[in-house]
Amino acid sequence: MTDELAADAARPVPSSPRPRRAVLLSLFGGFAVFAYVLDQLTKLWVTSTMVEGERIPVLPPLLHWYFIRNSGAAFSIGENVTWVFSIIMAGVAVAILFQVRRLGSAWWSLALGLLLGGALGNLTDRLFREPSFGMGHVVDFIQLPNFAIFNIADSAVVSAVAIICILTIRGIALDGTRLGNAHKDKPGHE
């Protein structure tokens, strides 16, 4: 029996460099829910405590709450084709859900979770706010100097895109592998 224990102790314990799938899915879901709920709660707060067009100094001159409704995309682009943004956001959400099965990195879980939460936050506005289903105006309220007025969903999407850019530049694939090192495992490469 002691020989078996010694043999077990001598065997290397396989370490998993990548977090387990359940942890990655929990991170993804947690960040998606966090971004979505925070976005919807702040929009509820703004619409119930402010009048549209009202501007409240928070950290003047850097930060103000300025309640507007945006029928377009960033910088109010495409105000007459709001329904297109609804379709695009729904497509983005579906595409993210298809990619989740390939998750192998905590950073990708964070990025895709924020992206999904942000997309669903603004999609909820497009679907259920006035003037009509699929053409609703998004509630924006965060104002910085010389910049577009935005919301938490927009912040989540921009943060997600920044993380995705960094991961891509560093060569970290969605499954957590390093893209530059993938060919080294194949026979004939050194």
Side-chain angles (χ1 to χ4, degrees), residues 16-43 58-59 62-64 66 68 70-79 81-82 84-126 138-186 189:
S16 176
R18 289 184 243 151
R20 292 186 322 175
R21 183 149 182 75
V23 172
L24 295 175
L25 291 176
S26 296
L27 282 171
F28 166 76
F31 281 108
V33 168
F34 173 76
Y36 179 79
V37 169
L38 185 61
D39 176 67
Q40 292 301 299
L41 287 175
T42 56
K43 288 174 180 175
V58 179
L59 294 171
L62 296 176
L63 176 64
H64 293 84
Y66 183 29
I68 65 164
N70 185 355
S71 62
F75 304 101
S76 296
I77 296 169
E79 291 179 322
V81 289
T82 302
V84 172
F85 300 121
S86 298
I87 293 170
I88 290 170
M89 283 185 273
V92 166
V94 169
I96 291 168
L97 292 173
F98 274 113
Q99 294 302 314
V100 167
R101 60 187 162 80
R102 296 180 45 217
L103 276 177
S105 159
W107 285 105
W108 275 101
S109 296
L110 166 66
L112 292 184
L114 289 174
L115 188 59
L116 180 64
L120 291 177
N122 282 338
L123 179 60
T124 299
D125 284 12
R126 296 280 181 216
V138 173
V139 171
D140 287 333
F141 64 94
I142 303 170
Q143 182 185 32
L144 301 173
N146 304 312
F147 196 72
I149 301 167
F150 58 99
N151 58 43
I152 300 297
D154 298 333
S155 298
V157 169
V158 169
S159 298
V161 169
I163 293 167
I164 290 168
C165 288
I166 292 168
L167 291 170
T168 303
I169 289 169
R170 295 196 62 214
I172 300 172
L174 186 60
D175 64 2
T177 59
R178 291 236 178 224
L179 296 175
N181 297 333
H183 71 279
K184 291 181 182 178
D185 296 335
K186 294 180 183 176
H189 287 86

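In this chain, residues are counted from 1 in sequence order.
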For the pair Asp175 (side chain) and Gly104 (backbone), establish whether a donor and an acceptor sit closer than 3.5 Å, ignoring hydrogens and angles.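 Side chain of Asp175 to backbone of Gly104, a donor-acceptor pair under 3.5 Å: no, none is there.
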Any donor-acceptor N/O pair, Arg102 side chain to Ala173 backbone, under 3.5 Å: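 Not confirmed, Arg102 side chain does not pair with Ala173 backbone.
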Taking the side chain as every heavy atom from C-beta outward, state whether [X] and [Y] have any atom pair closer than 4.5 Å.
X	Y	result
Gln40	Asp125	yes
Leu112	Leu174	yes
Val157	Leu114	no

Taking every non-hydrogen atom, the tightest pair across [X] and [Y]:
X	Y	result
Leu123	Met89	N-SD, 3.6 Å
Ile96	Phe28	CG2-CE1, 3.8 Å
Gly118	Ala153	O-CB, 3.3 Å
Trp108	Ile172	NE1-O, 3.0 Å
Gly176	Ser105	CA-CB, 3.8 Å
Asp39	Gly121	OD2-CA, 3.3 Å

Just by distance, no angles: are the side chains of Asn151 and Asn70 close enough, under 3.5 Å, to form a donor-acceptor pair?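 No - no donor-acceptor pair under 3.5 Å links their side chains.
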Nearest 0.5 Å, please: how far is [atom2] in [Y] from [atom1] in [X]?
X	Y	atom1	atom2	value
Arg20	Leu24	CZ	CG	10.0 Å
Lys43	Asp140	NZ	CG	7.0 Å
Leu116	Phe31	CG	CZ	13.5 Å
Leu110	Leu167	CG	CG	8.5 Å
Asp154	Ile149	CG	CD1	11.5 Å
Arg126	Ser71	CZ	OG	7.0 Å

Count the heavy atoms of every other residue, nucleotide or ligand shown that sit under 6.0 Å from CZ of Phe150, and state whether that count exceeds 12.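 Correct, the count exceeds 12.
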Apply side chain to side chain contact (heavy atoms under 4.5 Å, CB included) to residues Ile68 and Val139 and explain how you reach the verdict. CA-CA 6 Å; Ile68 65 164; Val139 171; over 6 Å; no
